Amino acid sequence: MKLHSDHYEFPGGIDPLTLTEKYGSPLYVYEGETIERQYRRLAGAFSVPRLRIHYACKALTNISVLRFIRRLGAGLDTVSIQEVHLGLRAGFKPEEILYTPNCVSMEEIGMAVELGVHINIDNLSILEVFGHEYPNVPVCIRINPHIMAGGHTKTSVGHIDSKFGISIHQLPHLLKIVEATGQVVEGMHMHTGSDILDADIFLNAAEILLATAMNFSELRYIDFGRGCKVPYVEGVISPDIEELGARLSSRFNAFCQEYGRDLDLLFEPGKFLVSEAGHFLVKTNVIKTTPSTLFAGIDSGLNHLIRPMFYDAHHEILNVSRPLGKPRIYTVVGYICETDTFGSNRKIAEIQEGDVLCLKNAGAYCFSMSSNYNSRYRPAEVFLYQGKDHLIRQRETLEDLLRNQIEITSF
Ligand SMILES: *Cc1c(COP(=O)(O)O)cnc(C)c1O
């Protein structure tokens, strides 16, 4: 969405205010062109014989978004059996899907085996049981390289205290299990969280992964996990995916030479592909002044977009109705009966009650983390592509809130 003299426009000249009139508020809007651009940028950053980009779909799982991303040529990274089902429903082939669960039951892993998707295992005890039950099903191993990435502790998953992956210090035990069960290890995986801003730190983790990979002779792919952090704050430089791509490609090609075979290089971006494509349009219900603060209260809350409250995430906020107004300092809050602050002390063009605001970077982990808290409906989702708007999810209704409830009428 860009400012055109006195109003905002989505690609194809679509006016955000027309969308909120047509579909109501609050409203999630995704730009297909931005997803396409990010995909091409990532794909173009690598020069290796076989690159596969797996979309980490927990970021945004709308079935139409999955179909759109499949058409771009991506595979899928899934973390639950339900995401596997959604991926298959969207048309991904089982062999294009990697299932990377953490702390799930053996029963669920069995279902994924039945569906024919690739299995990523991140725990020695599961590996052992799996090897006995399915000695002929190849597995991918998720290692934990113990790299502490910056960013928030809730999104940093590769450090020593993390619950994810098999510790590299457990390699001797891992090798014993693989030898005893005779299972084929087809992939090596790590996911360090996407908050590593520094290519050097990432490449150090990659060295650990590649060194571990040398212990397995039947590999077909190496999965470097993560996406790439996206700049949520205006002015913070986006990490240089091109530099990372060039350095990792040359290191990976050298590794393949040494290994004796070309392997697939996998990447699993979630937010890199969809974050910037998403916009959350909300309406201002009230302007409220207290002795200390000028509040704008909107028709949404942590039930629809929890990242600011959960991760201290920053989402830029714009006044779409009156972009050229004199800037004032607002604290933008939701309507939930908890403190749900979207942004404190933000400079925003003067807001009047009824104005539509836009929270930017709302494509990843926004709708997918939404809930019905306070018995509110989840918003509608609209997908824009080539100048057309497509409703891809209806706003919920009271029926949706009651759907699985059993009403005992004699009470
Ligand atoms: C969440 C996740 C990703 C994607 O993370 P982003 O930060 O959205 O890029 C990739 N791989 C795995 C295993 C994940 O759990």
Side-chain angles (χ1 to χ4, degrees), residues 30 34-35 38-39 41-43 45 52-61 65-66 69 74-84 86-87 96-104 109 112 117-123 139-145 147 149-159 162-166 187-197 201-202 205-206 209 221-232 238-239 241 244-245 265-278 306-307 310-311 313-315 361-369:
Y30 310 117
T34 302
I35 298 176
Q38 291 294 93
Y39 183 85
R41 187 174 162 206
L42 190 61
R52 276 157 56 198
I53 296 175
H54 277 186
Y55 169 49
C57 69
K58 70 179 187 289
L60 177 62
T61 43
V65 174
L66 296 185
I69 292 178
L76 207 63
D77 184 67
T78 59
V79 293
S80 70
I81 196 73
Q82 291 79 9
E83 286 186 353
V84 171
L86 286 174
E96 295 167 338
I97 299 178
L98 180 65
Y99 168 68
T100 301
N102 176 259
C103 294
V104 306
I109 295 176
V117 301
H118 295 279
I119 310 287
N120 195 1
I121 291 191
D122 91 332
N123 178 349
V139 287
C140 177
I141 304 283
R142 176 176 188 169
I143 67 150
N144 187 331
I147 294 283
H152 201 281
T153 49
K154 284 180 188 155
T155 56
S156 172
V157 292
H159 55 85
S162 167
K163 67 167 184 162
F164 296 98
I166 295 173
M188 278 282 114
H189 172 276
M190 70 171 183
H191 170 60
T192 50
S194 54
D195 278 2
I196 301 184
L197 283 172
I201 299 177
F202 182 76
L209 185 65
Y221 55 91
I222 300 205
D223 186 334
F224 292 88
R226 80 169 329 211
C228 202
K229 197 176 167 74
V230 293
Y232 284 89
S238 105
I241 192 76
L244 181 72
L265 187 158
L266 262 73
F267 244 80
E268 321 169 325
K271 65 168 82 88
F272 185 82
L273 291 183
V274 297
S275 174
E276 277 175 77
I306 201 173
R307 299 185 74 254
F310 195 29
Y311 300 137
H314 182 99
H315 290 263
N361 277 98
Y365 308 106
C366 292
F367 189 95
S368 67
M369 284 193 177

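Computed from a predicted structure; not experimentally measured. Start at 1 and go down the list; that is how both ligands and their atoms are numbered.
Using a 4.5 Å cut-off on side-chain heavy atoms (C-beta onward), Arg52 and Tyr221 make contact. With a 4.5 Å cut-off on side-chain heavy atoms, Phe224 and Met190 count as touching.
Distance check, rounded to the nearest 0.5 Å: NZ of Lys58 to OG of Ser368 gives 9.0 Å. Note that the OG1 atom of Thr78 and the CD1 atom of Ile97 stand 6.5 Å from one another [nearest 0.5 Å]. Between atom CG of residue Leu266 and atom CG of residue Asp77 there is a gap of 8.5 Å, rounded to the nearest 0.5 Å. Distance check: Leu98 CG to Leu76 CG gives 9.5 Å after rounding to the nearest 0.5 Å.
Of all atoms in ligand 1, numbered sequentially from 1 with element shown, those under 4.0 Å from a heavy atom of Asp77 are 11 (N), 12 (C), 13 (C). The contact set between ligand 1 and Gly270, taken as ligand atoms under 4.0 Å from a residue heavy atom, comprises 4 (C), 6 (P), 8 (O), 9 (O).
By heavy-atom distance, the residue among Met190, Lys58, His191 lying nearest atom 15 (O) of ligand 1 is Lys58.
Taking only nitrogen or oxygen atoms, main chain and side chain alike, Glu268 reaches within less than 3.5 Å of ligand 1. Note: no N/O pair closer than 3.5 Å links Thr100 and ligand 1 by distance alone.
For Ala59, no heavy-atom contact with ligand 1 is shorter than 4.0 Å. Contacts between Tyr365 and ligand 1, counted as non-hydrogen atom pairs separated by less than 4.0 Å, involve the side chain only.
No heavy atom of Phe164 sits closer than 4.0 Å to any atom of ligand 1.
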